[in-house]
Amino acid sequence: MSFLSLTFHNTESINKEWENYLGNDLHQMIENLMDVEKYILSEVQSDMINEGKNTNLLLVFDNEEKRDDFIEIELKNITERIESKFGANVMVFTTFLNPKKSRF
């Protein structure tokens, strides 16, 4: 198994637009991803965030090769769509998770 964590940080000024995008466009894109075995789309709660909001997408792949393919193709497409719609109001942070031990 291979994991990838995407965190989307949006500014407070677009909260409503971002929520609509999450519920419709982004969710549909995620559902249509071929190489993603499982995913969790979550609102991030943190005392450290004072402005805006974070949303996390945890993606589970069968192996690193499928994760790498996703990063080269799908992640670029998703990021470009978000940037064209929201500009600098949404930032995408990618975190590679390489399990040492797991009981997932």
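Just the heavy atoms: all of them, side chains too, but no hydrogens, waters or symmetry mates, feed the values below.
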Rounded distance (nearest 0.5 Å) linking atom [atom1] of [X] with atom [atom2] of [Y]:
| X | Y | atom1 | atom2 | value |
| --- | --- | --- | --- | --- |
| Ser5 | Ile40 | OG | CD1 | 10.0 Å |
| Lys76 | Arg81 | NZ | CZ | 15.0 Å |
| Asp62 | Lys38 | CG | NZ | 10.0 Å |
| Ser2 | Leu97 | OG | CG | 8.5 Å |
| Leu4 | Leu58 | CG | CG | 8.5 Å |
| Leu41 | Leu26 | CG | CG | 6.0 Å |

For a 4.5 angstrom cut-off between non-hydrogen side-chain atoms, does [X] reach [Y]?
| X | Y | result |
| --- | --- | --- |
| Thr94 | Leu75 | yes |
| Val60 | Met1 | yes |
| Ile78 | Ile30 | no |
| Ile82 | Phe8 | yes |
| Leu6 | Leu59 | yes |
| Leu33 | Glu74 | yes |

- Message: Can you tell me how the ring of Trp18 sits relative to the ring of Phe86, calling it parallel under 30°, perpendicular over 60° and tilted otherwise?
- Response: perpendicular
- Message: Can you tell me how the ring of Phe61 sits relative to the ring of Phe70, calling it parallel under 30°, perpendicular over 60° and tilted otherwise?
- Response: tilted
Under 4.0 Å between a side-chain nitrogen and a carboxylate oxygen: does that hold for Glu43 and Lys53? yes
Let me check something: do [X] and [Y] share a hydrophobic cluster, defined by ILVMFWY side-chain heavy atoms less than 4.5 Å apart, either directly or through other members?
| X | Y | answer |
| --- | --- | --- |
| Leu22 | Met91 | no |
| Phe93 | Val90 | no |
| Ile71 | Met29 | yes |

| Is the number of heavy atoms from other residues, nucleotides or ligands under 6.0 Å of Glu37 CD greater than 12? | yes
Taking atom types as modelled, find out whether [X] and [Y] have a side-chain donor-acceptor pair closer than 3.5 angstrom.
| X | Y | answer |
| --- | --- | --- |
| Asn89 | Asn10 | no |
| Tyr21 | His27 | no |
| Asn56 | Thr7 | yes |

field: Arg67 side chain to Phe3 backbone, donor-acceptor under 3.5 Å
entry: yes
In short, Lys66 meets Asn63 closest at the heavy-atom pair N-OD1, 2.8 Å
